[in-house]
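Single-structure report; data block below.
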Amino acid sequence: MESFKILIVILLSSVFVDNYVLSRFLGICPFLGVSEKKDQAVGMGVSVTLVMLIATAVTWPIQYFILNAFHLEYLQNIVFILIIASLVQILEILLKKFLPSLHKGLGVYLPLITTNCAVLGVTINNINDGYNFLESMISSLGCGLGFLLAMILFSGLRSRIDNTNIPAPFKGLGATLIAASFISLAFMGFSGIIEKIFA
Amino acid sequence: MEVLIAFIAMLAIALIVGILLLVCSHFFFVAENPLKTEIRECLPGINCGACGFRGCDDYAAALVEGGVKPNLCIPGAQSVADEIGKILDIKVEPLKDVVAFVSCNGNCDATFKIAKYDGVKSCFAASMIYGGPNACRFSCLGFGDCANACPSNAICMTDSIARIDTTRCLGCGICANTCPKHIINMIPQKTETVVMCSNTQKGGDARKACKNACIGCKKCEKICPNGAISVSNNLATIDYIKCTNCQACVNECPTGCLKTVSFPDRLNEVSIIE
């Protein structure tokens with residue numbers, strides 16, 4: 001029961017408190033780049049979640065059974081980048097073969113994730129936080145869902161921004177970044193809540 | 001020793017991943033629709049976007065899905081349209097072979113500048129400052145925005161007017177969209193009569209700005225046996241569907257803005273500037 005509670009805490013805190021986009025500021029470029037339309041934002045969010053889960057499932061064993069075993073911790077970054085990039089490629093090939101409709105839906109977002117820093121951030125942070133395998137997976141799931149949540153919220157906000165008359169100096173990216181900072185501020189309100197609920 | 005271990009570990013990981021990728025791409029290879037590949041191969045592959053799609057790949061995909069006309073590829077012209085029609089087994093409407101034409105004859109003899117322009121050497125920039133330095137507001141500014149945009153290097157500046165080499169012109173219409181004065185028109189290549197002016201000012205004003213301007217005297221409209229020329233907004237326009245190239249209007253025009261031309265055929269191999 002205790003371990004189950006820990007998993008819930010990890011999940012909720014990675015969705016709300018330590019949201020990768022809004023409080024750790026990783027993966028900002030897809031957050032700003034593909035949040036113009038809601039369906040695109042959802043596509044990107046789902047792809048990122050999927051890739052985060054698979055990447056964690058592969059990088060965790062590699063860290064513990066190869067890098068730690070041979071004292072090669074300093075190779076962590078480069079090995080993880082290599083693995084994530086090839087995983088995304090393999091995933092794309094497999095999706096194209098077996099789930100063409102999903103492949104078409106995810107479209108250009110899948111290759112974009114190859115170099116998404118949020119994915120690398122999740123895998124490295126899981127190691128740094130000393131999570132075991134299950135906890136790492138739950139944490140990745142939470143981070144992916146958090147990314148999805150941020151994308152959906154922000155795409156909604158952006159559609160509102162498009163329909164408003166903004167003063168000329170703030171038009172475009174200016175207003176977008178200001179809006180992003182407000183969402184980020186709002187998410188700061190979650191800090192401390194999750195721990196208190198399960199305390 | 002440690003370096004060796006790191007090297008071997010890295011190599012092993014990279015090798016495994018590489019082999020995995022190779023195996024995946026080999027066993028799970030998805031053959032694209034062979035029709036699409038075939039169509040893609042007969043398209044010119046310059047991704048000019050004249051068909052309205054994002055590139056030749058996009059157009060090929062849309063063609064395979066159906067509902068798209070096969071004669072949209074302007075650089076490829078009739079031969080490509082025919083080939084696509086053959087592959088897809090659909091009827092191809094005859095395609096008009098068009099070339100770009102600069103409707104301006106305001107060379108240094110005919111017109112003059114009313115201002116000195118020292119800014120960025122670009123038609124777009126110059127046209128934003130009171131329509132540019134030229135006396136005629138409809139004249140070619142001569143900074144060569146169209147020449148820079150041309151994918152086949154068919155435009156060069158002669159007497160500060162853009163002139164198009166039809167042996168290289170693909171007919172893609174990129175220059176027509178680029179020109180800030182909108183004086184480049186896409187006209188049929190077979191035509192022999194053109195209006196070399198875009199000035200819609202009244203006759204006197206147009207004449208003051210440029211000796212070669214169309215003054216809207218309507219002589220051409222009256223003389224044309226086929227009713228192919230109409231003068232509206234003080235400017236003659238030719239309806240190329242009705243025009244029979246009889247040249248009656250050319251002899252009648254008092255300012256010489258109607259001209260006889262011939263556009264040589266495009267060379268078969270036009271190299272594309274990437």
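Values reported hereafter were calculated over all heavy atoms of this structure, with side chains retained and with hydrogens, waters and symmetry mates removed. Chain A is the first sequence line, chain B the second, and so forth, proteins listed ahead of strands; every chain is numbered from 1.
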Measure Ile90(A) against the heavy atoms of chain B and call it side chain, backbone, both or neither at under 4.5 Å. both

Testing the 3.5 Å rule here: is there a donor-acceptor pair between the side chains of Ser103(B) and Asn185(B)? yes

Most contacts with chain B, counted as non-hydrogen pairs under 4.5 angstrom, among Ile66(A), Leu72(A), Ile83(A): Leu72(A)

Measuring heavy-atom distances to chain A, does Ala12(B) have an atom under 4.5 Å in its side chain, in its backbone, in both, or in neither? neither

Pairwise distance NE2(His71(A)) to CD(Glu73(A)) - rounded to 0.5 angstrom: 7.0 Å

For the residue pair Phe133(A) and Trp60(A), does the interplanar ring angle fall in the parallel (under 30°), tilted (30 to 60°) or perpendicular (over 60°) class? perpendicular

Under 3.5 Å, side chain of Asp18(A) to main-chain N/O of Ser14(A), donor-acceptor pair present? no

